[in-house]
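Below is one structure, written out as structure tokens; the observations come after it.
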Amino acid sequence: MNRRIEKNRPKPAAPEPRGNFSLRAWREQHLYSLFSSLGRLAARPWATALTLAVLGFALALPLLFWLLLDNARGLAGNVGEAGAISAFLKPGTDVTAVQAFAARLRARADVAAVTVKTPEQGLDEFRERSGFADALKVLHYNPLPAVLIVDPRGDPGPLAAQLRADPAVDQVQYDAQWRQRLNAILVLALRGAQVLAGLLALAALLVIGNTVRQDIAGRSEEIAVMQLLGAEAGFVRRPFLYSGFWYGTFAGVLSLMLIGIVQVILAAPLARLTAAYDHAFAAHGLGIAQMLAVLAASAALGWLGAFLAASRHIVLGQPR
Amino acid sequence: MNRRIEKNRPKPAAPEPRGNFSLRAWREQHLYSLFSSLGRLAARPWATALTLAVLGFALALPLLFWLLLDNARGLAGNVGEAGAISAFLKPGTDVTAVQAFAARLRARADVAAVTVKTPEQGLDEFRERSGFADALKVLHYNPLPAVLIVDPRGDPGPLAAQLRADPAVDQVQYDAQWRQRLNAILVLALRGAQVLAGLLALAALLVIGNTVRQDIAGRSEEIAVMQLLGAEAGFVRRPFLYSGFWYGTFAGVLSLMLIGIVQVILAAPLARLTAAYDHAFAAHGLGIAQMLAVLAASAALGWLGAFLAASRHIVLGQPR
Amino acid sequence: MIAFDRVGKRYPNGFDALSELSFALDAGEMAFVTGHSGAGKSTLLRLVALLERPTRGQVTVNGRNLGAVRRRGIARVRRGVGMVFQDHRLLLDRSVFDNVALPLVIAGVPREEMAKRVRAALDKVGLLEREKSAPSMLSAGEQQRVGIARAIVAKPPVLIADEPTGNLDPQLAAEIMGLFGEFQQVGTTVLVASHDLPLVKRMGKRVLVLDHGRLIDDFQPRNTGP
Amino acid sequence: MIAFDRVGKRYPNGFDALSELSFALDAGEMAFVTGHSGAGKSTLLRLVALLERPTRGQVTVNGRNLGAVRRRGIARVRRGVGMVFQDHRLLLDRSVFDNVALPLVIAGVPREEMAKRVRAALDKVGLLEREKSAPSMLSAGEQQRVGIARAIVAKPPVLIADEPTGNLDPQLAAEIMGLFGEFQQVGTTVLVASHDLPLVKRMGKRVLVLDHGRLIDDFQPRNTGP
Ligand SMILES: Nc1ncnc2c1ncn2[C@@H]1O[C@H](COP(=O)(O)OP(=O)(O)OP(=O)(O)O)[C@@H](O)[C@H]1O
Ligand SMILES: Nc1ncnc2c1ncn2[C@@H]1O[C@H](COP(=O)(O)OP(=O)(O)OP(=O)(O)O)[C@@H](O)[C@H]1O
Ligand SMILES: [Mg+2]
Ligand SMILES: [Mg+2]
């Protein structure tokens with residue numbers, strides 16, 4: 001061990017360091033914080049991985065839920081047809097009258113589409129579908145009326161009532177019960193989805209805040225020493241903001257990866273589903289722009305969480 | 001300040017403390033750990049609340065999901081009827097032959113239920129439903145055959161084929177496309193639910209492990225000092241196990257409360273849904289036994305997480 | 001009671017903190033260890049309390065060869081050695097009372113007896129009325145005395161102290177050294193590392209002098225105190 | 001440079017650590033503070049570095065009335081005072097080099113100049129070749145010297161040291177005190193708390209003696225070192 005004490009006389013004391021933080025000093029400090037915070041994360045790879053996993057999950061879950069809802073809405077659109085109103089016209093209404101009636105309906109604001117089913121089409125369909133082929137052979141003439149299949153836009157109730165009152169219409173079939181069930185299910189699903197998404201977003205915020213808080217608690221000695229040595233509040237806070245930023249960014253990347261994995265797992269049943277729908281409905285994932293938005297948002301969230309936690313917890317050790 | 005130094009001669013040195021841990025000492029130590037761990041949680045109310053919130057959410061989410069799935073299964077059971085097979089018997093088959101055929105079908109393993117629809121019932125229903133009331137008035141006799149509505153159990157494919165081949169059967173109607181769609185949706189929902197539940201359970205484990213790890217990291221000095229003073233490994237670990245236990249228990253209570261809140265929020269739309277189903281389907285929450293199971297499981301999970309983290313992280317400071 | 005036989009300690013970074021160290025201390029004997037900063041005094045004491053293992057040679061404490069103690073036995077050895085740490089090692093989030101009580105809690109002493117013994121130990125170092133303070137509210141010397149109280153509270157058969165008077169004024173340092181002397185007189189083996197040569201000489205006990213990890217002197221000063 | 005005017009410090013628990021303390025130190029003067037354990041030495045130094053605020057009276061450092069310094073100005077005052085802490089306050093997860101560099105990092109000194117100044121400071125305390133070690137791999141005395149290097153590396157106009165030689169052997173202690181003396185000779189104001197009365201007397205500088213928070217003596221010993 002070297003026990004020699006340097007005997008050169010020290011140089012004259014420098015003047016009191018004034019607040020002359022030059023641009024260069026500012027850059028030095030930011031680089032220092034950037035590297036030290038990254039180095040810190042790398043120095044504890046296990047702890048960092050664990051924290052990132054928690055954050056990644058917390059971010060991926062609301063995203064997945066949002067995707068699910070978005071896709072479900074597309075699916076529900078295809079099922080909407082079930083709410084169509086069938087108007088049976090008086091038997092014997094002639095073809096031009098039927099077409100005129102259909103045109104009148106199409107012009108209404110609360111009608112999305114009208115399909116005309118002539119008595120002949122009706123009979124063909126009836127033969128094919130109902131298994132009464134033999135029974136219907138005994139019919140000597142076509143007893144079926146023309147039918148208008150009306151797709152309502154918005155609330156179908158008043159439309160159905162008006163059709164029922166129309167003199168040209170014999171009978172209106174509108175499965176109110178089925179409609180009601182579908183509505184109830186959709187409302188329930190939506191409400192449930194909102195509640196769950198809210199809970200998940202809250203959980204993500206809690207996790208980030210808690211992580212940064214514990215990070216600060218674990219480095220309280222470092223914070224105290226920096227403050228003792230005359231570090232400004234901003235300087236002390238900076239490494240935490242940077243690590244919050246890194247946490248957020250990496251967690252965002254991780255959540256995107258998780259979403260990708262889930263998409264791969266769901267790919268096969270999804271393909272079967274879209275095939276069942278004659279590819280009328282296509283499931284979609286996140287686009288590039290959405291991915292970038294997720295990354296930016298998670299980085300911002302990390303920074304914000306760190307800022308809140310740091311502002312709240314880095315006050316100790318300072319006299320009033 | 002008292003600077004007096006006690007001048008009484010100390011008593012003779014006690015013999016080397018042997019490992020004579022009596023029952024009383026054992027009890028003292030456990031009480032000490034129990035109280036010190038609870039006291040620790042109470043001493044940092046904010047931090048504890050934050051951690052508990054995160055854990056509570058992590059536990060509540062998979063539970064909510066499980067409840068959702070369980071309820072959805074009940075709902076799907078009611079919709080299952082859509083997969084029924086309609087077998088149109090040859091016209092003119094007499095009533096006893098129809099009943100015999102139905103009895104034969106009921107005996108099969110792949111049949112859940114058989115409903116017989118006589119031609120009269122069929123005509124009534126047909127009149128009511130199809131809007132052909134006027135048209136059917138012109139029929140001089142009932143052309144409809146008897147229909148058997150067969151609820152399949154398991155894969156309905158082979159059953160439908162065999163029915164089709166039966167000489168007594170005129171035609172089989174089995175909406176393969178609708179069945180296929182429903183199946184695809186159910187498979188997708190189930191797969192998605194499994195993936196999400198898996199992710200959530202994993203997240204819960206991660207959160208607990210991470211919390212205890214950070215707890216241990218924050219108390220590393222305490223652990224080191226205890227080890228320096230000759231505390232056994234079990235003694236050092238004990239307070240962490242107790243706090244893990246407390247964390248788990250309180251988080252379980254919190255998650256039950258969260259589930260209760262969600263149930264209150266969803267009560268209104270759920271009531272509408274069950275009304276739409278003529279109360280044939282009843283949404284259910286957690287029973288008392290299930291609640292107790294949740295509490296026990298979360299306490300055990302907390303203890304286990306603490307044990308794993310403690311075993312993994314409390315090794316430092318001991319020579320080999 | 002404490003015997004070193006050709007002990008060497010090389011730290012993982014390759015630094016030889018102790019080499020070829022041999023000496024023996026009888027039960028109830030008291031000795032000082034001195035030497036320059038970094039000579040290996042703390043390392044020596046750490047070997048006695050099994051905070052480190054030697055890389056060569058054999059250490060015997062309380063008639064027990066520490067090399068033969070397995071990992072599960074370490075805690076028991078440590079409970080038999082009271083140690084004053086150079087850096088106190090007090091728990092900052094517990095009161096002075098709780099800090100001193102820690103060895104008794106670990107040994108499972110009943111609550112009532114614990115309070116009595118803790119107060120007796122605090123009284124010996126002159127800090128009885130500070131039992132409820134947090135360590136951060138004490139001066140450095142007071143913290144050091146709390147560390148001493150914690151080391152003696154369980155009345156261990158071996159007492160080792162690393163620089164126990166470094167933060168004390170000369171008068172108090174002498175009183176504390178006297179306290180260690182009293183423990184020796186009732187049969188405790190005492191080993192104290194200290195820089196305070198005048199005080200060490202005045203105590204008139206055996207002195208081991210380390211230099212760069214080697215024992216360069218082992219003597220008994222003649223003048224026994226003022 | 002450092003002036004106390006009827007300063008009193010009462011801690012939140014009601015304990016009066018300092019009372020009616022008045023003295024003045026010129027720029028470039030060097031003085032020692034002594035007194036029994038708990039006399040208030042550390043408290044006095046903490047007031048100079050604005051680690052605590054007095055409850056009465058006025059402290060002036062570098063011509064600045066510390067009572068008028070708002071919260072945002074505290075950091076700047078501290079950067080103007082180099083302090084050696086009684087309990088080192090080193091960061092255990094950073095190398096010796098990084099610990100000593102901290103004040104320069106905080107002041108935003110460029111990287112190349114930083115390395116030069118850190119090595120010069122480590123060389124002064126004789127620890128140049130330990131720059132890569134972790135503080136936990138150093139002996140207590142070595143840690144104390146790292147703390148001294150950290151206090152002097154930014155060449156502050158005021159240097160205060162709390163028991164800087166408590167863990168050093170007498171020879172090294174004298175050398176370190178000599179180092180403080182050299183700083184004084186180039187214009188730094190130096191205030192050192194120490195228990196080591198013989199060494200203090202040998203230095204021949206002004207001595208302030210505290211007793212239960214009161215200044216009971218303020219003298220200049222005649223014999224100026226051996
Ligand atoms: N964990 C470690 N790894 C590497 N070297 C170490 C370690 N601990 C101590 N050393 C080195 O071993 C030498 C002896 O250290 P020790 O703490 O025993 O000295 P000491 O005599 O107690 O000194 P002091 O009087 O300053 O406390 C020192 O040079 C120190 O740097
Ligand atoms: N934060 C605090 N709260 C209450 N009392 C305190 C606090 N800090 C110090 N004290 C008390 O104030 C008195 C003076 O403390 P100080 O640390 O200044 O003493 P000192 O002269 O440095 O002693 P030593 O030589 O032992 O370091 C002591 O009795 C101490 O117990
Ligand atoms: Mg030492
Ligand atoms: Mg002090």
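Throughout, protein chains are lettered first and strands after them, A, B, ... in sequence-line order, and every chain is numbered starting at 1. Only a predicted model underlies this, so the values are computations on that prediction, with no experimental measurement involved.
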Apply the side chain to side chain contact (heavy atoms under 4.5 Å, CB included) test between D/His195 and each candidate in C/Asp169, C/Leu168, C/Asp196, C/Leu172; give the one that qualifies.
C/Asp169
If you tally heavy-atom pairs under 4.5 Å against chain D, which of C/Pro12, C/Ala17, C/Ala140, C/Ser133 wins?
C/Ala140
Go through the structure and list residues passing salt bridge (charged side-chain N to carboxylate O under 4.0 Å, His left out) with D/Asp218, not counting sequence neighbours.
D/Arg206
Residues, nucleotides or ligands: over 12 heavy atoms within 6.0 Å of C/Arg10 CZ:
no
Would you indicate whether D/Arg94, at its atom CZ, is surrounded by more than 12 heavy atoms from other residues, nucleotides or ligands within a distance under 6.0 Å?
yes
Side chain proximity check, D/Arg145 to C/Ser37, heavy atoms < 4.5 angstrom:
yes
So salt bridge (Lys or Arg N to Asp or Glu O under 4.0 Å) across residues 30-43 of chain C, not counting sequence neighbours, yields none
Please round to the nearest 0.5 Å and tell me the distance separating atom NZ of D/Lys132 and atom CG of C/Asn13.
13.0 Å
Hey, are D/Glu163 and C/Asn167 close enough side-chain-wise for a donor-acceptor pair under 3.5 Å?
no
